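Inspection log for the structure reproduced underneath, given as structure tokens.
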Amino acid sequence: MTEGVTLLQEISEKNAPLTYIRLKIIEMESGASYEESLTQFECCLVALTGKITVTDFAETFSEIGTRESVFERIPTDSVYLSTQQKFRVTAKTAAKIVLCYAPSEKKLPTQLIKASDNSIENRGMYQNKRLVHTILSDTSSISDALLVVEVLTDSGNWSSYPPHKHDQNDLPRESLLEETYYHEMNPRQGFVFQRVYTDDRSLDETMTVENGDVVVVPKGYHPVGVPDGYESYYLNIMAGPIKKWQFHNDPAHEWILNRK
């Protein structure tokens, strides 16, 4: 990393059981720059907080980014960069960026994904309420493989709930998508609980997740519970052999959807 740039998280096949997803989270001081040359991966660069300028040395997107905190509950700007592309990020203010990667063989155009391009959806009822900002959906033509979503879960609520999974290449019933969760809390000393488990319990982990943590979901169900008094934010990256989000609910808990 260059001066003024701090690597907060890096997830790859070297430290996680993943085939289709890579992740970096970078914190930048005002005026700092970061450069990277993509190889066989496409990248969605999310301006998590602060103002940044992104260039692929043909196109430049100046001073993008919409918020100082993810808990402002508004979408932000992102940039899609294709395989084999070189790019530079320069921080206009102190900034945090998330770099989301998936393998790709397609050469696609660099594209600014404006905050106004995000779809916004309120999901759930009862104690299962959350706000969803979709940056890259499974129907988006911008990316080859990447899906990227932000979720804000209300205090005392659950999300990614009832428990669901997408770890079987069995369309139209279910798709195979790996997933990562980058978490933040408000207030930041808070925590959430996330369980990742499979039907046969060969994978069954329940984690206390704190601000800045990343949870890797190579397979299985993956619900998140948020304690009273705290808000939860997470950014999801999903990718797999086919860009389709088709999930399967845990049959033991699917009845929750049919409450009156």
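Every heavy atom of this structure was used, including side-chain atoms; hydrogens, water molecules and symmetry mates were not. Just so we're clear, the structure is a prediction, and the values are computed from it rather than from any experiment.
- Cluster partners of Tyr20, by chain and number: Leu176. The rule joins Ile, Leu, Val, Met, Phe, Trp and Tyr whenever side-chain heavy atoms lie under 4.5 Å apart.
- No side-chain donor-acceptor contact under 3.5 Å links Thr83 to the backbone of Glu105.
- When all heavy atoms of Gln246 and Leu171 are compared, the closest pair comes out as CB-CD2, 3.9 Å.
- Side-chain atoms of Asp250 and Tyr197 form a donor-acceptor pair, as typed in the model, at a separation below 3.5 Å.
- Ion pairing of Glu63 with Lys51 is absent here, as no side-chain N (NZ or NE/NH1/NH2) approaches a carboxylate O to less than 4.0 Å.
- Ser143 pairs with exactly one of Gln111, Lys243, Lys106, Glu42 by the side-chain hydrogen bond (donor to acceptor under 3.5 Å, both in side chains) rule, that one being Lys243.
- A side-chain donor from one of Tyr34 and Glu36 sits under 3.5 Å from a side-chain acceptor of the other.
- Checking side-chain atoms of Thr53 against main-chain N and O of Ser62 turns up no donor-acceptor pair under 3.5 Å.
- Judged by distance alone, the side chain of Thr208 and the main-chain N or O of Phe193 form no donor-acceptor pair under 3.5 Å.
- Looking at Arg195, Lys165, Gln194, Glu179 one by one, the single match for side-chain hydrogen bond (donor to acceptor under 3.5 Å, both in side chains) with His222 turns out to be Glu179.
- Side-chain contact annotation: Tyr221 with Asp199, donor-acceptor N/O pair under 3.5 Å present.
- Tested against Tyr181 for a side chain to side chain contact (heavy atoms under 4.5 Å, CB included), the candidates Val214, Ile237, Val217 yield a single pass: Val217.
- When hydrophobic residues (I, L, V, M, F, W, Y) are linked wherever their side-chain heavy atoms come within less than 4.5 Å, the members clustered with Tyr161 are Trp158, Trp255, Ile256.
- A donor atom on one side chain and an acceptor atom on the other are not found under 3.5 Å apart for Tyr101 and Ser12.
- The pair Lys114-Asp117 fails the salt-bridge criterion, with no side-chain N (NZ, NE, NH1 or NH2) lying under 4.0 Å from an Asp/Glu carboxylate O.
- Taking the ring centroids of Tyr234 and His183, they lie under the 6.0 Å cut-off.
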